[in-house]
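Given the structure is predicted, the values throughout are model-derived calculations rather than measurements. We number each residue from 1, following the sequence as shown.
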Amino acid sequence: MIQQTCMSRQPWQLPFLAEAEEVAGIRNVLRVHLRLWGLSAQTEAAQVCASELVGNVIHHVGAGTPTTLAVSMNGTYLRIEVHDPDIRALPTLMEAAPDAERGRGMALVNAVADRWGVLLRADRKVTWCEIATALSSPHGHGGGVRVTRAEEMITMYGAAKAPRTASRTLLNLAAAEEAAIDVIADLLHWLQAHGCDPDEALDRAQRHFEAEMLA
């Protein structure tokens, strides 16, 4: 199966100066990277957490502070870290009034993330949070039983089309995509050969897919 290597989620970091106008850019960077990682469902939670952690640096350490956003996988959890150089100003979970302009940052992180904490290093503070995913492994995929069945089919299909001298080991993502397209094309031929309407079948499949994505 290709499940364990179908998505390479390498850790990455983004250094920046903690300014209010940088927050929108950070949210956009997160959205793009998480889409590439197949984790669009975690985007909103990740954006909220990153925004609040950066906001803490701005309000409690100071605007213009050199800061780093670090994103990685910890097992099947998405991990968001914000590094700043002040090891004295520690984030605190406080109960703020509904109309308070400040003091709700870590409460939001606590509500959205599955866990969070603070690590103190010699030269910096690392405030982190982790968000659960539906992944089966750090480099696996979400999507449930349908995706698992499809990957089994694509793996067998790709192996059957490969030259006999080629390795029958795990398919890479590009080859798997081509195999998936071949599977779809062959199924359309099968439908037509049996007197069915391929276009109608595609429309019905698209409707099923969209309905399940919204469920």
Side-chain angles (χ1 to χ4, degrees), residues 1-14 26-50 69-80 112-114 130-215:
M1 293 178 62
I2 63 176
Q3 179 175 347
Q4 300 301 320
T5 59
C6 67
M7 184 69 67
S8 178
R9 299 183 177 93
Q10 298 300 321
W12 56 272
Q13 295 188 353
L14 176 65
I26 289 167
R27 292 173 65 90
N28 287 335
V29 168
L30 271 172
R31 175 178 53 79
V32 171
H33 275 271
L34 294 186
R35 186 179 70 233
L36 293 174
W37 278 9
L39 297 178
S40 292
Q42 284 70 42
T43 297
E44 184 175 356
Q47 289 177 326
V48 168
C49 290
L69 173 71
V71 180
S72 61
M73 296 299 300
N74 182 19
T76 59
Y77 284 82
L78 174 66
R79 184 178 178 93
I80 308 291
V112 170
D114 290 271
E130 293 183 346
I131 301 166
T133 70
L135 300 176
S136 55
S137 73
H139 299 293
H141 61 73
V145 64
R146 285 186 180 276
V147 174
T148 300
R149 288 203 306 257
E151 289 213 336
E152 291 173 349
M153 181 188 303
I154 290 166
T155 300
M156 291 186 294
Y157 204 86
K161 293 189 64 177
R164 292 186 179 277
T165 56
S167 171
R168 298 300 181 87
T169 58
L170 302 178
L171 295 174
N172 61 40
L173 183 58
E177 182 179 11
E178 289 302 314
I181 293 170
D182 284 342
V183 169
I184 295 169
D186 284 356
L187 288 174
L188 294 176
H189 281 292
W190 182 91
L191 287 165
Q192 186 174 52
H194 287 78
C196 302
D197 185 345
D199 290 333
E200 181 185 354
L202 277 176
D203 289 341
R204 290 171 58 191
Q206 183 70 22
R207 290 196 295 272
H208 281 295
F209 171 73
E210 291 174 353
E212 290 174 4
M213 290 295 289
L214 295 173

Can you name the closest pair of heavy atoms from Arg27 and Gln47 and give their distance? O-NE2, 2.9 Å
With sequence neighbours left out, what residues match Gln10 under side-chain hydrogen bond (donor to acceptor under 3.5 Å, both in side chains)? Ser8
Do side-chain atoms of Thr76 reach the backbone of Thr133 as a donor and acceptor pair under 3.5 angstrom? no
side-chain contact (heavy atoms from CB on, under 4.5 Å) for Leu135 and Met73? Distances and angles first, verdict last. CA-CA 11 Å; Leu135 300 176; Met73 296 299 300; 3.6 Å; yes
Looking at NE2 of His208 and CD of Gln206, how far apart are the two atoms once the value is rounded to the nearest 0.5 Å? 11.5 Å
Going by heavy atoms in the side chains, are Tyr77 and Ile131 under 4.5 Å from each other? no
Exactly one of Thr43, Leu34, Leu30 clears side chain to side chain contact (heavy atoms under 4.5 Å, CB included) with Leu78, and that residue is Leu34
Is there side-chain contact between Glu44 and Val112, with heavy atoms separated by less than 4.5 Å? no
Suppose we screen for side-chain hydrogen bond (donor to acceptor under 3.5 Å, both in side chains). Which residues come up paired with Gln42, at least two apart in sequence or across chains? none
For the residue pair Trp12 and Trp37, categorise the inter-ring angle as parallel (less than 30°), tilted (30 to 60°) or perpendicular (more than 60°). perpendicular
Non-neighbouring partners of Arg79 that pass salt bridge (Lys or Arg N to Asp or Glu O under 4.0 Å), sequence neighbours left out: Glu81, Glu130
Least distance between heavy atoms, Ser137 atom then Arg9 atom: O-NH1, 4.4 Å
Nearest non-hydrogen partners of Ala132 and Asp114, listed with the distance: N-OD2, 2.8 Å
Please name the pair of heavy atoms, one in Ala50 and one in Ile26, separated by the smallest distance, quoted to 0.1 Å. CB-CG2, 4.3 Å
